[in-house]
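Each remark here refers to the structure printed beneath this line.
Residue numbering restarts at 1 for every chain, and letters A, B, ... go by the order of the sequence lines. Worth saying up front: this structure is predicted, and the values here are computed from it rather than measured.
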Amino acid sequence: MKIKEIQDEIVEEFSHFEDWKEKYEYLIELGNSIELIDKQNKIDSNLIKGCQSKLWLYAELQNDKIIYTADSEAIITKGIAAILLRVFSNQTAKDILNSDIKYIEAIGLKEHLSPTRANGLVSMIRQIKYYALALNTN
Amino acid sequence: MKIKEIQDEIVEEFSHFEDWKEKYEYLIELGNSIELIDKQNKIDSNLIKGCQSKLWLYAELQNDKIIYTADSEAIITKGIAAILLRVFSNQTAKDILNSDIKYIEAIGLKEHLSPTRANGLVSMIRQIKYYALALNTN
Amino acid sequence: MSFDINKIRSDFPILKRKINGSSFIYFDNAATSQKPNIVIDSISDYYKNYNSNIHRGVHTISQEATDAYENARAKVQKHFNVLNSHEIIFTSGTTHSINLVANGFQDLLCDKDEIIISGLEHHSNIVPWQMMSEKNGAKIKIIPINENGELDMKIYDNILNSRTKLVFVNHVSNALGIINPIKTIIEKAHKVNAAVLIDGAQACAHFKTDLQELNADFYTTSAHKLCGPTGIGMLYGKEKWLKKLPPYQGGGEMISDVTFEKTTYAELPHKFEAGTPNVSGAIAFGVALDYLNGIGFENICEYESSLLKYATEKLKLVPNLKIYGESINKTSVISFNIEGIHAYDIGALLDKFGIAVRTGQHCAQPIMDHFGISGTVRVSLSFYNTKKEIDSLYNSLKQTISMLS
Amino acid sequence: MSFDINKIRSDFPILKRKINGSSFIYFDNAATSQKPNIVIDSISDYYKNYNSNIHRGVHTISQEATDAYENARAKVQKHFNVLNSHEIIFTSGTTHSINLVANGFQDLLCDKDEIIISGLEHHSNIVPWQMMSEKNGAKIKIIPINENGELDMKIYDNILNSRTKLVFVNHVSNALGIINPIKTIIEKAHKVNAAVLIDGAQACAHFKTDLQELNADFYTTSAHKLCGPTGIGMLYGKEKWLKKLPPYQGGGEMISDVTFEKTTYAELPHKFEAGTPNVSGAIAFGVALDYLNGIGFENICEYESSLLKYATEKLKLVPNLKIYGESINKTSVISFNIEGIHAYDIGALLDKFGIAVRTGQHCAQPIMDHFGISGTVRVSLSFYNTKKEIDSLYNSLKQTISMLS
Ligand SMILES: Cc1ncc(COP(=O)(O)O)c(C=O)c1O
Ligand SMILES: Cc1ncc(COP(=O)(O)O)c(C=O)c1O
């Protein structure tokens with residue numbers, strides 16, 4: 001699926017929630033379902049800065065697509081990572097670099113988009129794009 | 001004359017003034033009439049601190065009485081020194097130490113009694129009393 | 001005076017806020033306190049009526065501002081029962097105060113000297129000494145903490161000796177809320193002629209300290225921790241010490257004579273107050289002390305103790321909850337974790353319920369390392385909090401845990 | 001935008017004051033500026049609605065306060081057209097900013113190095129270098145001033161050489177109002193690879209400075225000089241310099257890892273912002289810049305120039321009045337004396353007429369020594385002053401002189 005399609009899908013899913021509790025319960029569920037980073041890659045050099053709980057992000061190229069994996073000590077942070085990875089993992093570097101993150105606002109997590117947030121969402125997005133730049137094969 | 005009598009006299013004199021201008025004109029007049037410090041005593045060690053214009057104060061004992069002399073670069077400061085010296089000069093150390101300075105308030109110069117005033121009135125009063133302590137012969 | 005919690009709460013405008021649809025509950029008081037209207041208004045009043053640069057002006061508002069500023073110093077002096085007003089230095093906060101002292105001791109100590117720091121310190125009280133020690137080579141020794149988070153006073157006795165020149169301990173630990181035995185620490189240090197700096201940042205909102213009785217050589221606090229504004233704090237130093245220390249910053253106010261050849265420094269307290277000070281901040285700091293003293297620290301202590309007791313008992317009902325630092329000498333802080341759940345998750349969800357707590361290492365990484373944890377959830381109470389708010393915390397915490405498990 | 005002086009004056013509540021029965025006239029703007037309601041209200045708003053400690057909190061108001069604080073930094077960055085927001089350090093004011101840099105260079109210079117200071121400096125810009133030079137032995141050279149109070153650029157050329165590591169000049173002199181040729185000074189300094197620190201405390205209220213175009217290595221200001229509150233200011237530093245300088249104060253925020261063995265410092269700008277910052281101050285600083293930019297610096301400049309011209313011409317009508325520093329490159333300051341009369345007497349009597357001027361040496365004793373005087377009367381203008389106020393000054397000054405003669 002294309003990035004935009006997945007984003008629309010996520011927005012659609014989140015639109016059914018009536019309150020923050022349902023939304024966060026879903027986020028937690030996502031956090032538990034995230035593709036975990038391989039143990040050997042769960043190292044300090046893969047840590048994302050600006051995050052109160054440790055958050056690791058790793059990327060590798062498989063057939064022209066970038067596969068992201070992540071882990072965090074905190075489940076909400078993992079949930080947030082999950083809604084990023086579901087969109088950006090298994091996409092081409094070019095598509096990743098051309099995408100936007102408006103869907104984060106659309107699903108009502110705009111508050112997390114402040115660069116000063118302790119969950120590191122903004123740093124994570126930046127890191128995802130850095131990887132895409134670095135692994136761009138075109 | 002006793003300290004208290006001179007103070008009452010000054011309060012009486014000031015009571016005739018209708019506005020600040022008359023009062024300050026009188027203060028300036030007093031400043032011009034002050035008993036000036038001897039040139040040889042107009043030295044740095046006789047400077048009063050906390051004063052924006054240089055202000056010298058000197059004291060000596062003559063027949064059990066303390067004679068204060070002063071000078072300043074600024075005429076208003078000199079005027080303020082004058083209303084102190086008229087009261088305290090030529091008095092015994094004991095009388096000086098037992099006196100108060102309520103008359104300053106009574107003549108409407110209370111604003112000058114703040115320890116932070118740049119005209120050094122409070123420091124001058126303190127210095128007058130220090131001299132009285134030091135020159136006390138009883 | 002009776003303690004009227006409703007009246008008190010109405011003094012704090014921020015307590016009327018709604019967060020995420022819920023009433024706002026503020027349990028992050030150890031990070032910074034909220035401000036009563038009277039403090040906020042004193043700042044507006046200053047800027048609306050007599051804002052001016054101080055000390056050097058001959059005009060009316062400059063005089064009014066100077067008097068108000070010096071009057072604030074006198075209030076701080078009185079509050080802490082300090083002998084001379086010039087022993088109170090206004091700084092921009094505790095961090096500034098401690099750095100001022102550490103910088104001063106840089107020249108006074110050498111590599112044969114030792115200083116002692118407690119293992120319960122805030123980073124502000126560790127890093128300046130490390131920086132000093134890098135320059136003058138003085139050795140830093142640590143008073144470690146035990147499993148309750150209390151200082152190990154036996155080890156203190158062991159490391160204290162004639163080479164010890166300085167001892168640095170906080171009055172109350174910000175991470176755990178533990179009240180340190182500073183009176184004993186000071187007495188022992190003085191026996192070997194070491195000076196003692198007490199960091200009072202966490203203590204001053206909760207109780208009143210008589211500095212002459214305590215006999216500390218230095219004492220610091222930040223106004224923002226005790227209902228005052230940000231950007232202002234104080235350093236108390238005994239006159240003999242403040243005279244000994246070299247000035248910290250150069251600038252206006254702190255000099256008496258300047259030529260390009262030679263500068264002589266002004267007298268205390270100006271020697272340490274270079275530049276235009278935070279005038280409105282100092283004035284509002286004084287008003288904050290007035291406000292707290294108006295309520296009365298006995299009343300504050302009593303009320304806060306009962307809150308702490310209530311909150312501790314209530315939280316202990318939560319399964320798998322572990323409190324760090326269970327000393328009986330504690331102020332209004334409860335630092336805890338729930339087994340298997342990260343502190344951040346708890347903080348983030350409590351926030352959704354409108355409850356502000358702090359999570360993380362609380363600028364006290366060595367304490368976290370001691371307990372082998374990456375952080376805690378810290379609930380810190382103030383006299384404007386209520387048992388009802390603690391009940392809400394309890395209920396929200398239980399929901400939070402069930403969401404996370 | 002048109003410049004509506006009545007509207008502007010109504011923004012400043014203090015201008016409605018009466019002093020001694022007269023309308024208050026404030027001509028002490030170089031000491032500190034007055035504050036518009038919008039700035040004052042931003043402080044109250046902060047404390048009433050979202051006061052919180054910043055950066056480390058996960059709860060809503062901590063986030064709001066952090067965002068507002070960082071947003072203020074972005075406003076400062078934009079105003080000065082600075083490349084990176086982390087090149088803007090919030091300090092407690094110019095004095096703090098300069099000391100931070102001087103402290104940093106203490107480790108970077110040795111006794112073979114030279115630094116150059118202008119003879120027009122405020123004490124804040126002299127004493128820190130003297131203190132630095134006492135530690136590292138670096139030599140201080142002075143750019144002297146001529147009879148108009150201007151820097152002698154020939155001598156600058158002579159003393160500048162490959163040993164020069166730093167040049168320190170204020171943008172505008174607080175004692176005389178003279179605008180220094182900093183662009184030339186910077187270009188020449190860079191040719192010998194010396195860094196330049198410009199003290200912008202007196203400039204920023206009067207015109208806008210593009211720091212990328214200016215190419216200064218460091219630039220400082222205090223918010224209280226430009227309609228902002230006390231206790232907050234800024235240091236701009238080029239990234240490469242800020243990375244080179246060691247941290248100044250140790251504490252919370254400025255570290256990334258702390259153990260008792262080793263501490264690693266945080267990234268810019270946090271490395272230089274130890275402890276709880278003046279959050280409300282920074283936010284109000286940003287609002288003050290918004291306010292000034294809303295009026296427009298072109299408008300401010302134009303209006304103030306015409307005020308300065310008017311005031312200069314008017315004052316020159318006063319017999320025996322001598323103005324110090326009659327350069328054509330001046331901002332809104334007139335520093336003068338009346339022959340045979342002490343500045344203090346003039347200031348004290350003008351105050352009785354409700355007029356606030358500053359008297360004395362204006363923290364710039366070397367300049368007074370240069371002119372062989374003990375001080376001056378300084379009238380400093382702002383965009384909220386009027387020609388009518390200058391007329392009042394003229395009339396009151398004449399009465400003052402006749403009283404004193
Ligand atoms: C030119 C100049 N530099 C530095 C300063 C010091 O600024 P502050 O007192 O705000 O630190 C001032 C203000 O008095 C000044 O006019
Ligand atoms: C014990 C302790 N010391 C020092 C500090 C630092 O205070 P500030 O950030 O106000 O300088 C704090 C506040 O966080 C503290 O809790």
Do the ring planes of C/Tyr26 and C/Phe24 sit parallel (below 30°), tilted (30 to 60°) or perpendicular (above 60°)?
tilted
Bottom line for A/Glu111: the part with an atom under 4.5 Å from chain C's heavy atoms is side chain
The criterion is ring-ring contact (aromatic ring centres under 6.0 Å, His included); which residues satisfy it with C/His96, sequence neighbours excluded?
C/Tyr248
Under 4.5 Å heavy-atom distance to chain C, tell me which part of A/Ile28 shows up: side chain, backbone, both or neither.
side chain
Indicate whether any N or O donor in one side chain lies under 3.5 Å from an N or O acceptor in the other, for C/Glu121 and C/Ser118.
yes
Go through the atoms of C/Ile346 and report whether side chain, backbone, both or neither lie under 4.5 Å from a heavy atom of chain A.
neither
What distance separates C/His370 NE2 from C/Tyr324 OH, expressed to the nearest 0.5 Å?
11.0 Å
With under 30° as parallel and over 60° as perpendicular, where do the rings of C/Tyr384 and C/Phe12 fit, or are they tilted in between?
tilted
Can you list the steps and then say if A/Glu9 with A/Lys4 is a salt bridge (Lys or Arg N to Asp or Glu O under 4.0 Å)?
CA-CA 9 Å; A/Glu9 195 179 83; A/Lys4 188 76 184 74; over 6 Å; no
Among residues 332-342 of chain C, residues within the sub-4.5 Å heavy-atom range of chain A, in order of number, are C/His342
Taking the six-membered ring for Trp, are A/Tyr26 and A/Phe17 parallel (under 30°), tilted (30 to 60°) or perpendicular (over 60°)?
tilted
